[in-house]
Amino acid sequence: MTEFFRSAQVRAALAELAEIQDDLAHTMSNPRVLGMEEKKDYVRKLKLFLEKQKLFFFRVSLSDDPEAVQVKDHILETAQMFGFKEMTGMDKFFQQLDETIKKVEKDLDEGVDI
């Protein structure tokens with residue numbers, strides 16, 4: 001493990017991301033239908049997860065640590081599966097994800113059952 005990933009701040013960020021991701025995955029793996037408040041709570045967690053991901057990506061992008069560079073490259077490769085194009089940049093990619101989540105949140109606030 002390199003110095004970047006030994007940092008208490010980085011380890012705490014990764015642990016928090018993993019915890020939120022596990023919570024989101026657990027909710028989705030549950031076969032029951034979510035109520036409106038549960039859906040809203042899920043979307044709030046998605047927003048939080050996206051914000052934490054943005055911060056983590058920014059952090060690895062600033063580092064020249066070999067493992068951080070490798071993680072950044074892996075994130076970029078994974079993002080391509082979800083429509084990311086390197087020419088538009090990760091800021092645009094995160095912005096599109098944020099807009100999608102905001103639309104879902106707006107629909108839920110307006111009572112649209114998704």
Side-chain angles (χ1 to χ4, degrees):
M1 182 184 308
T2 59
E3 194 63 34
F4 180 82
F5 288 99
R6 284 190 196 110
S7 160
Q9 195 173 23
V10 170
R11 290 183 15 211
L14 286 171
E16 189 173 18
L17 277 167
E19 183 180 332
I20 297 168
Q21 185 176 10
D22 287 348
D23 189 31
L24 290 168
H26 176 73
T27 300
M28 290 308 296
S29 68
N30 190 340
R32 70 181 185 79
V33 176
L34 299 177
M36 187 62 80
E37 286 306 312
E38 291 170 310
K39 289 177 185 178
K40 288 179 181 182
D41 186 51
Y42 187 82
V43 171
R44 281 190 289 274
K45 288 176 188 172
L46 278 175
K47 284 175 65 174
L48 176 63
F49 187 64
L50 180 59
E51 285 304 313
K52 299 289 181 182
Q53 285 180 318
K54 283 192 257 187
L55 289 172
F56 184 75
F57 181 77
F58 182 70
R59 187 174 280 142
V60 297
S61 295
L62 293 176
S63 177
D64 59 356
D65 178 279
E67 283 187 21
V69 171
Q70 186 177 11
V71 167
K72 177 187 170 198
D73 291 344
H74 179 71
I75 292 169
L76 291 171
E77 289 171 12
T78 303
Q80 288 177 354
M81 291 188 291
F82 294 96
F84 165 70
K85 308 230 182 325
E86 278 193 64
M87 292 179 65
T88 60
M90 281 300 282
D91 288 341
K92 181 72 172 169
F93 179 71
F94 282 125
Q95 181 183 4
Q96 289 173 333
L97 289 173
D98 191 46
E99 288 171 8
T100 299
I101 292 171
K102 284 179 181 176
K103 182 184 178 330
V104 170
E105 186 175 42
K106 181 179 180 265
D107 287 348
L108 287 172
D109 287 342
E110 292 175 355
V112 176
D113 195 9
I114 54 172

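None of these values were measured; they are calculated from a predicted model.
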Worksheet item: Roughly how far, to the nearest 0.5 Å, is the CE atom of M90 from the CD atom of Q96?
Response: 11.0 Å
Fill in: Heavy-atom check, side chain of L50 versus side chain of L46, under 4.5 Å
no
Side chains of residues 53-66: which donor-acceptor pairs under 3.5 Å do they make with residues two or more places apart or in other chains?
unit_1, atom_1, unit_2, atom_2, d
K54, NZ, E51, OE2, 2.8
S61, OG, F57, O, 2.8
S63, OG, D65, N, 3.0
D65, OD1, T2, OG1, 2.7
D65, OD1, E67, N, 2.8
D65, OD1, A68, N, 3.1
D65, OD2, T2, OG1, 2.8
D65, OD2, F4, N, 3.4

Can I get a per-line list of side-chain donor-acceptor pairs under 3.5 Å for residues 73-80, giving both atom names and the distance, sequence neighbours left out?
unit_1, atom_1, unit_2, atom_2, d
T78, OG1, H74, O, 2.9
Q80, NE2, E86, OE2, 3.4

Discussion item. By the side chain to side chain donor-acceptor pair (under 3.5 Å) test, which pairs, at least two apart or in different chains, include something from residues 19-31?
Written reply: D23-K45
Worksheet item: Between M28 and I20, is there a shared hydrophobic cluster once you connect ILVMFWY residues whose side-chain heavy atoms come closer than 4.5 Å?
Response: yes
Worksheet item: Where is the tightest heavy-atom contact between K47 and I101, given as atom of each residue plus distance?
Response: CG-CG2, 3.2 Å
Worksheet item: Quick one: are L97 and F82 in side-chain contact, heavy atoms under 4.5 Å?
Response: no
Fill in: Check: K106 and V112 side chains under 4.5 Å, non-hydrogen atoms
no
Worksheet item: side chain to side chain donor-acceptor pair (under 3.5 Å) with K102: which residues, sequence neighbours excluded?
Response: D98
Worksheet item: In chain order, what residues pass the side chain to side chain donor-acceptor pair (under 3.5 Å) check against K39, with sequence neighbours excluded?
Response: D113
Discussion item. If the condition is side chain to side chain donor-acceptor pair (under 3.5 Å), which residues does Q9 pass it with, not counting sequence neighbours?
Written reply: none
Discussion item. Test of understanding: clusters of I, L, V, M, F, W, Y form through side-chain heavy atoms closer than 4.5 Å, transitively. Do Y42 and L17 belong to the same one?
Written reply: yes
Discussion item. Do L14 and V69 sit in one hydrophobic cluster, given that two such residues count as connected whenever their side-chain heavy atoms are within less than 4.5 Å of each other, even indirectly?
Written reply: no
